[in-house]
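What you see is a predicted model; the values in this text were computed from it and never measured.
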Amino acid sequence: MTSSTTTRLAWPDVAKGISILGVVLLHVTLAVPEAQNAWLAHFNVWLDPLRLPLFFLVSGYFSTKVLRFSFVELFTRRLWFFLVPYCIWAGIELWLKKIEYHWVFDTPLLQKEDLFHALFFGSTMAWFLHALIAFNIFLWAVRKLPAWLAIALSFLPMLFMAWNAQFSFISKAVMFLPIFIGAAYLKDFITKYAQALAVPFHSRLNALSLWAYGGTFVAYATGFILRRAWDKQGDEVLFPWLLPGADMLGHDDLNVLIRFAEQLLEVPLGVLLAVVISHLGGLSQALQFVGRHTLPIYLGHPIGMTLGVGFYLAWNPRAISLAGDWPMDNTWFWLTACMVCSGLAGLVLWLIGKTPVLKWSLTPPPLAGRYRQFREWTSQKSSKPQPAQSERR
């Protein structure tokens with residue numbers, strides 16, 4: 001007898017847990033003076049090519065249902081659940097950050113036009129939700145094309161690299177759209193790859209597993225060497241550009257392309273890491289829990305850092321450094337404070353997600369059922385016999 005239940009894969013949740021913790025760690029080290037010189041930041045450099053590629057790989061991996069949707073289904077069953085929390089919580093985060101900047105730099109408070117511009121172009125801390133909306137629309141748009149062509153078209157954002165400085169979303173699309181689309185179309189391959197990586201935990205290594213492990217480490221080494229070779233180049237590197245927008249691509253534009261190549265080569269190691277950790281008992285359970293709650297953690301942590309650390313330092317500025325006096329002038333104190341505030345904010349948003357009515361800001365009421373009811377109502381109304389013309393008179 002076959003079971004009707006489906007066992008939830010562990011490694012994708014572990015991968016998302018690694019990803020979100022890496023993102024929080026990045027933002028914490030960027031927020032505190034001299035944190036970039038702490039060992040925590042150096043560790044985060046190692047995570048850099050893994051955290052967001054892993055997130056978008058897992059997101060694409062579970063997006064194959066989009067290939068069967070109509071556009072109405074795409075909106076009601078997917079985009080709607082990204083759009084509502086994005087608009088609400090990205091708006092709150094941006095409003096709070098503008099208040100902090102106003103206190104520190106005397107800059108204007110958030111204006112309505114600035115809010116709309118930031119939300120539309122994804123210029124917020126919640127840009128990953130903006131990216132998921134755009135990436136799912138792209139996946140739906142290419143759903144009827146052969147897999148090879150759909151994946152090839154996902155590289156199109158590279159053609160707009162000349163406008164990367166004006167629109168930061170271009171770099172996000174360059175680096176992550178091909179990974180998202182590739183994961184959706186290559187889901188079966190990724191599944192078999194993860195299974196091959198898990199073989200040593202169940203039985204002896206076989207030829208397929210050896211190839212999977214060997215290919216993973218060769219790809220990672222290639223990406224590592226590529227990035228280190230690029231880092232040795234000067235900031236004055238220029239590349240001729242034949243497409244509209246610029247005559248030359250600068251160092252920052254080319255760096256996006258190098259990062260994409262590095263991440264594409266190194267993300268298999270991220271899958272390997274997730275598969276290995278998924279077999280490590282308590283650590284696996286902890287990361288799976290985090291991976292199942294990425295939304296409140298991601299949306300909450302910048303708000304927590306702004307409220308708990310940013311506002312305080314705006315009114316009580318201090319000379320913070322690694323050599324500063326403990327606690328209030330020391331980098332490590334404020335790193336710890338940022339991590340605590342991030343965790344508390346994620347917990348608060350998780351609790352909001354459990355509270356009646358308020359939970360709709362994170363998980364809005366489904367539209368699919370309402371649309372279905374509307375379709376049934378209109379169908380019943382159109383099927384009613386119409387009175388003859390003489391009767392109407």
Side-chain angles (χ1 to χ4, degrees), residues 15 18-57 123 125 127-128 131 154-155 157-180 182 214-243 245-274 321-323 331-332 335 338:
I18 295 171
S19 175
I20 190 60
L21 291 179
V23 168
V24 173
L25 181 58
L26 171 67
H27 293 159
V28 166
T29 55
L30 290 175
V32 180
E34 291 200 11
Q36 70 275 11
N37 297 322
W39 68 263
L40 202 60
H42 297 316
F43 171 72
N44 197 48
V45 170
W46 181 82
L47 282 179
D48 182 60
L50 303 180
R51 53 174 175 259
L52 286 172
L54 265 181
F55 174 83
F56 284 105
L57 182 140
S123 304
M125 289 288 280
W127 66 264
F128 86 102
S154 69
F155 289 82
M158 291 183 182
L159 301 180
F160 303 93
M161 283 302 304
W163 288 283
N164 176 53
Q166 290 79 21
F167 304 102
S168 61
F169 178 69
I170 292 176
S171 63
K172 308 297 192 302
V174 167
M175 290 189 290
F176 305 123
L177 180 60
I179 293 175
F180 179 90
T216 298
F217 289 115
V218 168
Y220 180 84
T222 304
F224 183 89
I225 294 171
L226 174 66
R227 180 58 183 267
R228 297 311 176 273
W230 168 252
D231 288 343
K232 292 179 181 178
Q233 305 298 316
D235 292 342
E236 302 302 321
V237 177
L238 296 175
F239 184 80
W241 188 246
L242 302 179
L243 296 174
D247 296 326
M248 309 287 287
L249 291 184
H251 178 273
D252 291 344
D253 301 321
L254 296 173
N255 187 58
V256 171
L257 300 176
I258 295 296
R259 286 187 63 193
F260 164 67
E262 177 196 19
Q263 292 170 351
L264 192 63
L265 289 165
E266 295 187 4
V267 72
L269 183 69
V271 177
L272 169 59
L273 184 64
S321 68
L322 286 169
T331 296
W332 280 103
L335 279 173
C338 282

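No side-chain heavy atom of Phe239 sits less than 4.5 Å from a side-chain heavy atom of Asp253. Counting only heavy atoms from C-beta outward, the side chains of Ile20 and Phe55 never approach each other to under 4.5 Å. Counting only heavy atoms from C-beta outward, the side chains of Ile258 and Arg227 approach each other to under 4.5 Å. Considering only heavy atoms from C-beta on, Leu52 stays 4.5 Å or farther from Phe128 through its side chain. Within the 4.5 Å cutoff, the side chain of Leu264 has no heavy atoms near those of the Pro178 side chain.
Ring centroids of Phe155 and Phe260 are separated by less than 6.0 Å, placing the two rings close together.
Remark: the backbone N or O of Leu25 is paired with a side-chain donor or acceptor of Thr29 at under 3.5 angstrom. At distances below 3.5 Å, not a single donor-acceptor pair connects side-chain atoms of Ser19 with backbone N or O atoms of Leu50. Checked by atom type and distance alone, the side chain of Glu266 pairs as donor or acceptor with a backbone atom of Phe224 at under 3.5 Å. Under the 3.5 Å distance criterion, the side-chain polar atoms of Asn164 are matched with a main-chain donor or acceptor of Ser171.
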ask   = Glu262 and Met175: side-chain contact (heavy atoms from CB on, under 4.5 Å), yes or no, with the steps?
value = CA-CA 10 Å; Glu262 177 196 19; Met175 290 189 290; over 6 Å; no

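Taking the six-membered ring for Trp and thresholds of 30 and 60 degrees, Phe176 and Phe56 have nearly parallel ring planes, at less than 30 degrees apart.
Surrounding CD of Gln166 are more than 12 heavy atoms belonging to other residues, nucleotides or ligands, all under 6.0 Å away.
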